[in-house]
Visitor: 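Structure incoming, see below.
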Amino acid sequence: MAIEIEKPSVGLSKVAVSETHGEDSPYFAGWKAYDENPYNESSNPSGVIQMGLAENQVSFDLLEKYLEEHSEASSWGEGAPGFRENALFQDYHGLKSFRQAMANFMEQIRGGRAKFDPDRIVLTAGATAANELLTFILADPGDALLVPTPYYPGFDRDLRWRTGVKIVPIHCDSSNNFQVTPEAMEAAYRCAESMNLKVRGILITNPSNPLGATIQRSVLEQILDFATNKNIHLVSDEIYSGSTFSSSEFISIAEVLETRGYKDSERVHIVYSLSKDLGLPGFRVGTIYSYNDKVVTTARRMSSFTLISSQTQHLLACMLSNKEFSENYIKTNRERLTWRYDMIINGLKNAGIECLKGNAGLFCWMNLSPLLEEPTRESELALWKVILNEVRLNISPGSSCHCSEPGWFRVCFANMSEQTLEVALGRIHKFMEQRRRN
Amino acid sequence: MRLVVPLQGVVQGRGGLIFGSLIPCALFYFLQLYLKRHRSPNSRSNPPSPSASAQNLAEMNRTSSRSNLLSRGSIVPVLISSLATSISKPNDSPYYIGLDKASEDPYDRIGNPDGVIQLGLSENRLCFDLIEKWMLENLNDSMRGRKGGDLSISGIASYQPLDGTMELKMAMAGFMSRVMGGAASFEPSQMVLTAGATPAIETLCFCLADHGNAFLVPTPYYPGFDRDMKWRTGVELIPVHCRNTDNFVLSISALNQAFNQTRKRGTKIRGILLSNPANPVGNLLSREMLCDLLYFAREKNIHIISDEIFAGSIYGNEEFVSIADVVDSEDFDKSRVHIVYGLSKDLSLPGFRVGMIYSFNENVLAAARKLTRFSSISAPTQRLLVSMLSDARFIKEYIATNKKRIRNMRDLFVAGLEGLGIRCADSSAGLYCWADLSKLILTYGEKGELELWEKLLHVAKINMTPGSACHCIEPGWFRCCFTTLDKEDIPVVMERIRKLADTDAASRG
């Protein structure tokens, strides 16, 4: 909660002084270490390699090529017709052409197995804003959302900070590859009840961050049944849906609804963004797709605090409605991520490290529990510090993702060049060898 | 169940309506009788309240005959939050209703001459030709960036500092300084950039006030504040009324009175929200008044937020003084001063979403920086603007031409109104004028003003913002934005008002 700081002469709010932004946790502390001593192939080869940032840099060339060949996307064409309307356009409905392009793109990612209605798309400046917005809309301050662990550390901030909503974890463990079970959901619900918290929804990330794995259809069905049974909402953050290594392995909640004839779908909302799949986090493009009319209306109105620049909407509408580009991009991006994933998994295996079997995302979930002095969070953080300071790799400790089992780490592989990844794997190999010798 | 199925057959088939209503009625009566006799005081198992009409009961029976009660049209729908429920209600402010009506049937001199003329949107369309020309000459270079390095797509694609790039902050600092006449200078490190001024002001509220706290706001004020500052923050806005006799300039005594009254009822005031230049009146705060406000804020230990978004729209001869200038030049406690700015009005780029918080308080900046993750400016837009704002020659020409054109439009528009006997408040800035239409009101009061607003909107087909939407305490004032018009449209506006006034006068006899 709020921590007492030396009172300034004129007071600030509780939100301003609260620690809920979480920027003092190891997840962010590692970033600071990287910022102070960043690896550079030529100028700083012994610096810290950033493996804690889930960013996709493997397919920039495809974007660059498109922009080279299609200047009308970034310039409104010869004589800039349409510029005026675009510059004035601040309608929170968003550009129709862009919403259409997003709907099509989302359909392509799901191999056409689900349909998306552009009028159900609400635009936000990033998925961070989308998740916060949904929380404001689905829950009152003091209510709770259930979130399976391990989960993205940013949720602690995005879902709770300004909304006053609480997160109650659904504990998952390695005995079944960290999958959600009805028992675990029930336990979390009862836990919330015992704390007098009203549960308003369950939020899943599919594909999962940090696990790097898709949720199986049967589990999705169980989650949807649970939500229906408790009459709560279901938010599915599908931000990594385009980063699955094979198109067929990702099942979106939209597909589950489709097979159920969209019965009782008003409780379901999907969050998406172009930050991961298209590698454009700087563009700030997020969406809420809701099957609930009231949520769509309200989210739209509230999106006035987080609109996407109309210039960017125009650019991306051009890019994403170019079928040739989008199909090629999705396919090539998948192939390159698969290649990277295989590279890192094999590299880690050679060093004697096992990972959770993954099939998506920009990271792998590495098991270092055999290296722990004791199976405790403190041991895990001690190991994390060693890896940060001696091996000079910034990876994310499972405890910052609220993992109930110590010793797991999230390692990102798509935010660097192949050469850098080789260097990182080399360092890990050396580190493991040294430990074996000792 | 078994009773109901044959009932269905009766209702849907022969016997139709009569049996369809008679039998359910009878059943209903007997059901009530039964329940009355058997209801225990602690029983919670009341049926969903039966409606009085038999038709509704027939409906209910028909739905309960289906085996699945939780189908679409669930008896207990999944609920949204209280905040969302209140936001989902239809907008009842004339400000928003008028904007919607005008956009449904927009006036076009050639294509739709009987459409609604939009005077309710403070947008500046007078200088697009200059911006378009700049785009034509510079856009490709600026978007492509120089060869490689930081300015290729990877330079703008990846995560940027969430509170804006240093390049853009520097460019904004330069622009603001020029726009405000060069007296004040701005430090890039004291800026937090946001996706528009709307999130800037909300973020400041989140940093300065807790749920249930309040801000003092001089009236009349921009209707959007009621949404932007209150919705999610839970903050209250306390109006401090300004009057025509003072040309709607704030008085410290009114401020003091509002402060004391609010404190008496147990609400904590966290700050004052000023708009300078004022919206909707368009007047400026003098240096003396700004000093007085700073003294007041110090005495009460509260913040001042100065929304200076119209600073580049000065057309009068009065000098604009930014609160930054006063705070720099005199010995005031800076930690309570925060400025909101943006490019929507002065550079006519509302769609691009460029706003900022400028603060002298390091703690506020630290908190605001973290909050901008929810509303950052898009990277391609940052790059484009760095280019545009750094073009000193273009900016100089733009600012000068903009002022001239706003003044010309204003003079024409105000003269037109004066020709109809309608007076405007004294003003030197903004994209609008504050007109006194009280003579056209039938019954003097808020109700009369709204009736006039409706007539203007639906009969004369002009959308103006009524003073009551801006919390003006004196009825009859309307805000008219003239920068979305062409010169040729002004006579059309005046003619429509004249016609309405004549018709009204005639009907009054």
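A, B, ... follow the sequence lines: proteins, then strands. Residue 1 opens every chain.
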Visitor: Quick check for you: among B:Ser88, B:Ser375, B:Ser348, B:Ala368, which has the greatest number of heavy-atom pairs under 4.5 Å with chain A?
Guide: B:Ser88
Visitor: Less than 4.0 angstrom from a charged side-chain N to a carboxylate O is my criterion; do A:Asp225 and A:Arg260 meet it?
Guide: yes
Visitor: Can you tell which of A:Leu280, A:Ile137, A:Ile308 has the highest number of heavy-atom pairs within less than 4.5 Å of chain B?
Guide: A:Ile137
Visitor: Could you tell me whether the side chain of A:Gln90 and the main chain of A:Leu88 form a donor-acceptor pair under 3.5 Å?
Guide: no
Visitor: With a 4.5 angstrom heavy-atom cut-off, is it the side chain or the backbone of B:Leu79 that approaches chain A, or both, or neither?
Guide: both
Visitor: Give a yes-or-no answer on whether the side chains of B:Asn124 and B:Asp346 include a donor-acceptor pair shorter than 3.5 Å.
Guide: no
Visitor: Which one of A:Ser310, A:Ala227, A:Gly154 has the most heavy-atom pairs closer than 4.5 Å to chain B?
Guide: A:Ser310
Visitor: Non-hydrogen atoms of chain A under 4.5 Å away: do they reach the side chain of B:Lys300, the backbone, both or neither?
Guide: neither
Visitor: Given heavy-atom pairs under 4.5 angstrom as the criterion, report whether the side chain, backbone, both or neither of B:Leu371 touches chain A.
Guide: both
Visitor: Which of the residues A:Arg301, A:Glu132, A:Glu55, A:Arg162 is involved in the greatest number of heavy-atom pairs with chain B at under 4.5 angstrom?
Guide: A:Arg162
Visitor: Between B:Arg369 and B:Glu362, is there a salt bridge with N-O shorter than 4.0 Å?
Guide: yes
Visitor: Measure distances from B:Ser82 to the heavy atoms of chain A and classify the residue's part below 4.5 Å as side chain, backbone, both or neither.
Guide: both
Visitor: Would you find a donor on one side and an acceptor on the other, under 3.5 Å apart, between the side chain of B:Asn91 and the backbone of B:Ser93?
Guide: no
Visitor: Check each atom of B:Asn213 against the heavy atoms of chain A and say whether the ones under 4.5 Å are side chain, backbone, both or neither.
Guide: neither
Visitor: Could you tell me which of A:Leu133, A:Leu53, A:Asp158 has the largest number of non-hydrogen atom pairs under 4.5 Å with chain B?
Guide: A:Asp158
Visitor: Let's test your reading of the structure: which of B:Ser378, B:Ala209, B:Ala195, B:Ala367 forms the most heavy-atom pairs below 4.5 Å with chain A?
Guide: B:Ser378
Visitor: Check this for me, if you would: do A:Arg200 and A:Asp140 make a salt bridge, where the nitrogen-to-carboxylate-oxygen distance has to be below 4.0 angstrom?
Guide: yes
Visitor: When you compare the side chains of B:Thr165 and B:Gln160, does any donor N or O come within less than 3.5 Å of an acceptor on the partner?
Guide: no
Visitor: When heavy-atom pairs shorter than 4.5 Å are enumerated against chain A, which of B:Pro350, B:Gly355, B:Ala200 gives the highest number?
Guide: B:Pro350
Visitor: Pick from B:Glu123, B:Arg227, B:Arg270, B:Arg232: which one has the most heavy-atom pairs with chain A under 4.5 Å?
Guide: B:Arg232
Visitor: Between the main-chain N or O of B:Trp134 and the side-chain N or O of B:Asn138, is there a donor-acceptor pair closer than 3.5 Å?
Guide: yes
Visitor: Checking B:Ser335 against B:Asp333: is there a side-chain donor and acceptor pair closer than 3.5 Å?
Guide: yes
Visitor: Cut-off 3.5 Å, side chains only: do B:Tyr159 and B:Ser376 have a donor facing an acceptor?
Guide: no
Visitor: Using non-hydrogen atoms only, which part of A:Phe89 is less than 4.5 Å away from chain B: side chain, backbone, both, or neither?
Guide: backbone
Visitor: Can you tell which of B:Thr194, B:Ile87, B:Asp210, B:Thr198 has the highest number of heavy-atom pairs within less than 4.5 Å of chain A?
Guide: B:Asp210
Visitor: Pick whichever of A:Asn415, A:Val15, A:Thr306, A:Asn231 has the most heavy-atom pairs under 4.5 Å with chain B.
Guide: A:Asn231
